[in-house]
Amino acid sequence: MSDETKSSIPPTSDTEPSVSRSTVPVWIIVLTLVLLFLGMVYFDHHSGWFDSQVYGPYASSEELELYQPKSGAAALLARGKAHYDQVCGLCHGIDGLGKPGQAPPLAGSEWVNTKGFERLTHIPLAGVSGQLSVKGQTWGLAMPAMGAAMSDEDLAAVLTYIRSSWGNKDGPVTADEVKAARSALGAHPLPMSGNQMSKMPE
Amino acid sequence: MSTNAKFGGASVPASRLVSSLAPPGEISSTDIDRSCCIPLLALFGGAALWLVVGSVLALIASIKFHAPDFLANCACLTYGRLQPVADDALLYGFCLPAGLGVALWLLARLSGTPLRGAIVPIVAANLWHLGVFVGLAGILIGDSSGFAWLEFPRGGSVPIFFAYLLLALWSIMIFAGRRGRTLYPSQWFLVAALFWFPWIYSSANLFLLTSPVRGVAQAVIGWWFANNLLVVWTGLVGLGAAFYFLPKITGRPLQSHYLALFAFWTFILFATWCGIPPGAPVPAWMPTLSAVAAAWLLVPWLAVFLVVWQTVHGSVRSSWNNTTFCFVGSGIDAFLLSGLMLMAMACPQISRFTNFTWFGSAETQLRLYGFFAMTMFGAVYYILPRAVGLEFPFPKLARVHFWLSLAGIALLVVPLAIGGIVQGWKLQHPDIVAFADTTKAMLPFLRVSTTGLLLMLLGNLLFFANVMGLTLRWKIALLKQFIAFVKSPLETTSASASLRRDKEVRA
C-alpha cells in the first residue's frame with residue numbers, strides 16, 4: 001500500500017491486451033484437410049456405416065454376417081466353405097477353377113458332377129496319382145490324401161460345398177456316407193490312378 | 001512492504017490516479033472493476049470454500065485405498081459417496097462459479113462496460129452456492145442420481161441451473177452493451193461458454209433424469225455431457241482467460257487474432273464429439289466418430305500451442321515473478337498435456353490398456369485442477385484485489401500456493417497415469433498376473449497420489465485464507481466508512497474532545 005510499490009507496477013497493468021493480425025499459417029490448414037480426409041477414411045472402414053446392429057470390434061455388417069451362427073443346409077455349406085478355403089482352396093482355388101499345371105478345376109468337372117458320390121468321396125480320402133483327364137485335358141497328378149485328416153462331418157460338408165458351388169448343382173453328401181467310404185478304404189489306402197478311378201462306380 | 005507487483009499491481013492510489021486521468025465520457029477500468037466487486041466476492045468466496053471442502057473429501061476418499069477401515073462406519077463417508085462429492089465440489093463448487101466470475105469480469109473489462117444491476121448476480125451467486133450445498137448434501141445422504149458428473153439431486157440441479165442462467169444473462173447483457181465493434185478473442189470463448197452449459201446441462205437432465213431415454217442411449221448421453229462439460233466448457237473459459245492474461249502480463253500482443261479464431265472454431269467443432277471411449281458397448285459408429293474427432297483435436301491443440309508460444313516466447317523469464325502468469329502459464333501447459341492424454345485414450349490401440357484404469361482419472365484431474373483451477377487461481381489473484389480495491393492480506397502466500405498446487409497436481413497425476421498404464425498392461429495379461437495382484441500393485445501409486453492431494457489441500461487452504469482475508473478486509477473497510485460517515489458532521493469537535501479526554505485519562 002506504500003509509495004515504493006507504485007514504481008514496480010508494470011506499465012501495461014491496466015491497458016487491455018492487444019492482438020496481432022498476422023494470418024494463420026498455411027500448413028495448419030493443409031494439415032486440417034489431410035486429417036479430415038484420413039479421419040473420414042478411418043470412419044469409412046470402422047463405423048459399419050451407422051448400422052445399429054454393428055458393434056465393435058466388428059467394422060461392417062458383412063464382417064458381422066461372417067460370424068453369425070447358421071443352421072441347416074446353410075450351416076453345412078458355411079462349414080464346408082471354411083474348410084475348403086483353408087485346405088482345398090490352396091490348389092483348387094477358392095473359385096473352384098483350379099491352377100494350371102497343379103490342380104484340375106472342380107467347377108463343372110465330370111468327376112464332381114456325378115449321380116453318386118462314392119468315387120468322389122474316395123479322392124480326398126486316398127489321394128490321386130498319375131494321369132487323369134478332366135474336362136478334356138489330361139493332368140499328371142500327385143494329390144495327397146488331403147481329406148484323410150478331416151472328420152467325417154467336415155469332409156461331408158466340404159464335398160457338399162464343392163458339389164453345390166460355382167455352377168455345380170448336385171445333392172449333398174452325408175457324414176454317414178463318408179464314414180462308410182473311409183471304412184471301405186481301410187487304414188492306409190494308396191493313391192488311386194486315373195484308370196482305377198474310371199473303373200469305379202460313381 | 002506490499003507485493004502488489006506480483007499480481008500485476010493493484011494499488012488504490014494508482015488506480016484512483018487512472019480514474020481521475022480518464023477522459024470524460026470514457027468509463028475507467030477502475031469503475032468497471034468496482035462495479036463487479038460484490039458479485040465477484042460472492043462467487044469467488046463460495047468457490048474457495050467449496051474448493052477446500054472438495055479437497056478435504058478427496059483426501060479422505062484417497063486415504064481409504066490404503067486404510068479401508070478409515071471412517072468406514074458412517075454410510076455418508078463411504079468411498080462411493082465421498083468421491084463424487086469431492087469431484088462435484090471441485091467442478092460445481094469451484095470451477096463453474098470461478099469461471100463465471102472470471103467471465104463476468106473479463107467481459108465487463110473487454111466491453112468497456114460496468115456491471116449494472118449487481119444485485120441480480122449477487123443473488124444468483126448465493127443461489128448457486130445454495131444449490132451446490134443442497135446437491136452435495138444430497139449425494140452424501142445417498143440421494144445421488146448415479147450418473148457421473150450429474151449426481152446432484154433435483155434440489156441441487158434446479159437452483160444451479162437458474163443461477164447460471166441469471167449470471168450468464170447478466171454477462172451477456174454486459175457484452176451486448178460493449179463499446180467497441182471489434183471483438184477480442186477471449187470474448188468469443190467466454191460468450192460461447194456462457195451458452196454451452198445451459199444447453200448441455202438441461203439436455204442431460206432432461207434425457208437422463210426427467211424423462212430418461214432407454215438402454216445404451218443413457219450411457220451415450222452421459223459421456224456426451226461429461227465430455228462437453230469437462231473438456232469443452234472448461235476449455236472455452238480457461239482458454240478465454242489465458243488468451244487475456246498471457247498477453248496482458250507479458251505486455252506482448254496476442255499472436256494472432258486469426259489463429260485464435262481458428263483454434264476456437266476447430267476446438268468447439270471437434271471437441272464436442274469426443275467422450276465415447278473405444279470399445280464402448282454401443283453401435284460401432286459412435287466410438288469410431290469419437291475417436292476420429294479426438295484425432296482431429298490435434299488441429300486446435302496445435303493452434304493453441306502456436307498462439308501461446310508466439311505470444312509468451314521470450315518473455316517467460318521476465319514474467320515469471322508475476323504469480324498470475326505462473327498459474328495461467330502452467331495451466332496452459334496442463335491443458336496441452338491433458339489434450340495429448342485425451343487423444344491417446346481415444347485411440348483404440350492405446351485405449352485397450354488405459355480403459356478402466358487410473359489413467360482416465362489422471363487425465364480428468366489434470367484437466368480440472370492442473371488446467372482449469374490453476375488458470376482460475378491466476379485470474380482470481382489478478383482480478384479480486386482490483387475489484388475490491390484492496391490488497392490480499394497474505395500476497396506472498398500466493399506464491400506458496402502456486403508451488404504447493406503445482407507439486408500436488410504433479411504428484412497426483414504422474415503416479416496415476418503411470419499406474420494406469422501398468423494396471424492396464426496387467427489387466428490385459430490375466431494369465432500371468434492375478435486380478436488381486438494387479439489391484440495390490442496399484443498401492444504405491446495411490447500412496448503417492450494421496451500425498452499429492454495433501455499438498456493440493458494445503459495450497460487450497462492458502463487460497464481460501466487470502467480470499468476470506470480480503471473479504472474480511474473489505475467488510476472492515478466498509479464498517480470504517482460507515483462509522484466515518486456517521487461521525488463526519490461532528491468530526492472536528494469530537495476528535496478534539498476525545499483527544500482531551502485521552503489526556504485527562506492519562507493524567
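Numbers restart at 1 for each chain; the letters A, B, ... are given by sequence-line order, proteins then strands.
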| request: For B/Tyr258 and A/Ser22, work out which heavy atoms get closest and say how close. | output: CD1-O, 3.5 Å
| Smallest separation among heavy atoms of A/Met40 and B/Trp296, with atom names | CE-CH2, 3.8 Å
| More than 12 heavy atoms of other residues, nucleotides or ligands under 6.0 Å from CZ of B/Phe356: is that the case? | no
| said: Within this structure, what is the CD1-CG distance for the pair A/Ile28 and B/Leu298, rounded to the nearest 0.5 Å? | reply: 8.5 Å
| note | Smallest heavy-atom separation, A/Ser47 atom then B/Thr288 atom, equals CA-OG1, 4.0 Å
| said: Tell me whether the count of non-hydrogen atoms from other residues, nucleotides or ligands lying under 6.0 Å of CD in A/Gln53 goes above 12. | reply: no
| request: Looking only at non-hydrogen atoms, find the nearest pair between A/Asp51 and B/Pro283 and report the distance. | output: O-CB, 4.1 Å
| said: Give me the atom names and distance for the closest heavy-atom approach of B/Leu110 to A/Glu16. | reply: CD2-OE1, 4.3 Å
| query | Top residue by heavy-atom pair count (under 4.5 Å) with chain A, among B/Thr266, B/Val282, B/Leu306, B/Thr182? | reply | B/Val282
| Quick one: what part of B/Ala260 sits under 4.5 Å from any heavy atom of chain A, side chain, backbone, both or neither? | neither
| So with a 6.0 Å cut-off around CD1 of A/Ile94, is the heavy-atom count from everything else above 12? | no
| Nearest-0.5 Å distance, CG of residue B/Leu254 to CZ of residue A/Arg21 | 10.5 Å
| Are A/Leu36 and B/Phe270 close enough that some pair of their side-chain heavy atoms sits under 4.5 Å apart? | yes
| request: Measure A/Leu38 against the heavy atoms of chain B and call it side chain, backbone, both or neither at under 4.5 Å. | output: neither
| task | From the options A/Phe43, A/Trp49, A/Tyr55, select the one residue that forms a side-chain contact (heavy atoms from CB on, under 4.5 Å) with B/Trp285. | result | A/Phe43
| request: Give, as side chain, backbone, both or neither, the part of B/Leu289 having an atom under 4.5 angstrom from any heavy atom of chain A. | output: both
| Closest heavy-atom pair and its distance - A/Val19, B/Ser256 | CG2-C, 4.0 Å
| said: Quick check on B/Pro278 against chain A: is it the side chain, the backbone, both or neither that has a heavy atom closer than 4.5 Å? | reply: neither
| remark: Whatever's closer than 4.5 Å to a heavy atom in chain A on B/Leu246 counts as neither
| Do A/Trp27 and B/Leu302 have side chains that get closer than 4.5 Å, going by heavy atoms? | yes
| query | If you count heavy-atom pairs under 4.5 Å between each of A/Gly39, A/Ser20, A/Ser18 and chain B, which one has the most? | reply | A/Ser20
| Would you say A/Gln86 has more than 12 foreign heavy atoms packed within less than 6.0 Å of its CD? | no
| Between B/Tyr184 and chain A, which part of the residue has a heavy atom less than 4.5 Å away: side chain, backbone, both or neither? | side chain
| Does B/Trp320 CH2 have over 12 foreign heavy atoms under 6.0 Å away? | yes
